[in-house]
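Scope of the values below: all heavy atoms of this structure, side chains included, with no hydrogens, waters or symmetry mates.
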Amino acid sequence: QVQLVESGGGLVQAGGSLRLSCAASGLPFSSHTVGWFRQGPGKEREFVAAMSWSGGTVRYADSVKGRFTISRDNAKNTAYLHMNSLKSEDTAVYYCAAEPWGGTYEDANKFSYWGQGTQVTVSS
């Protein structure tokens, strides 16, 4: 069955960096658009970043532009979210999601497959 497994979360000081990974199995990863979403305490799930199946289209939420970078390694069936200059407001559970041939990037409802999430806590 399809599995997306996030890793790399943890506790970091403000201004620090983390790299999240999303390891996919059970699906042809190279044909899936990948997205990262997050849900902070008391907040709704929100879009963070996404990359099309081809890698040719990348989208970021305004709140993370210039600080976060999404990437993917299709040979390893893995997507990444590189997070720099972390702020306390980045504290959230981060989820990766995948959608076959997905062309809509910011809408969580358009993604069929989800991981279990990884906690990122930024201390100020």
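Between the side chain of Thr91 and the backbone N or O of Val122 there is at least one donor-acceptor pair closer than 3.5 Å. Between the Thr33 side chain and the Ser52 main chain, no donor and acceptor come within less than 3.5 Å of each other. Listed for the Thr104 side chain is no donor-acceptor partner under 3.5 Å among the backbone atoms of Asp107. Not one N or O on the side chain of Thr121 forms a donor-acceptor pair closer than 3.5 Å with the backbone of Leu11.
Inter-residue side-chain proximity for Met83 and Tyr94 is flagged as met; some heavy-atom pair is nearer than 4.5 Å. Here the side chains of Tyr80 and Val34 are not in contact, with every heavy-atom distance at 4.5 Å or above. Annotation: side chain of Met51 is not in contact with side chain of Tyr105 (no heavy-atom distance under 4.5 Å). A heavy-atom distance below 4.5 Å is not found between the side chains of Trp114 and Cys96.
Ala14 approaches Ser124 most closely through the heavy-atom pair CB-CA, 4.2 Å. Residues Ala24 and Phe29 share a closest heavy-atom pair of CB-CD1, 3.5 Å. Considering every non-hydrogen atom in both Phe111 and Gly35, the closest pair reads CE2-N, 3.6 Å. Contact detail for Ser17 and Ser85: the closest heavy-atom pair is OG-N, 4.4 Å. Residues Ser30 and Asn74 share a closest heavy-atom pair of CB-ND2, 3.7 Å.
The line from CD of Glu6 to SG of Cys22 is 5.5 Å long, rounded to the nearest 0.5 Å. Distance CD/Gln1 to CD/Gln3: 5.0 Å, rounded to 0.5 Å. For the atom pair Arg72 CZ and Ser54 OG, the distance stands at 8.0 Å (nearest 0.5 Å). To the nearest 0.5 angstrom, Ser21 atom OG is 12.5 Å from Leu4 atom CG. Note: Leu18 CG to Leu81 CG = 9.5 Å, rounded to the nearest 0.5 Å.
Side-chain polar atoms of Ser112 and Glu99 form a donor-acceptor pair below 3.5 angstrom. Judged by distance alone, the side chains of Thr78 and Asp73 never bring a donor and an acceptor atom under 3.5 Å apart. Side-chain contact of His82 with Ser71: a donor-acceptor pair under 3.5 Å is present, judged by distance alone.
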Step by step, work out the side-chain contact (heavy atoms from CB on, under 4.5 Å) result for Glu46 and Gln39.
CA-CA 6 Å; Glu46 65 175 357; Gln39 187 166 14; over 6 Å; no

Dump the intermediate steps for side-chain contact (heavy atoms from CB on, under 4.5 Å) on Val93 and Thr118, then the final yes or no.
CA-CA 5 Å; Val93 177; Thr118 186; over 6 Å; no

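For the side chain to side chain contact (heavy atoms under 4.5 Å, CB included) test with Ile70, the passing option among Leu20, Val58, Val64 is Val58; the others fail.
Arg19 forms no cation-pi arrangement with Trp36, by the criterion of a distance under 6.0 Å to the ring centre and an angle within 45° of the ring axis. Annotation: cation-pi geometry not satisfied between Arg38 and Tyr95 (NZ/CZ under 6.0 angstrom from ring centroid, within 45° of ring axis).
Using cut-offs of 30° and 60° on the angle between ring planes, the pair Trp101 and Trp53 is perpendicular.
A salt bridge is absent between Lys87 and Asp90: the closest approach of a Lys/Arg side-chain nitrogen to an acidic carboxylate oxygen does not fall below 4.0 angstrom.
Taking the centre of each ring, Tyr60 and Phe47 stay at or above the 6.0 Å mark.
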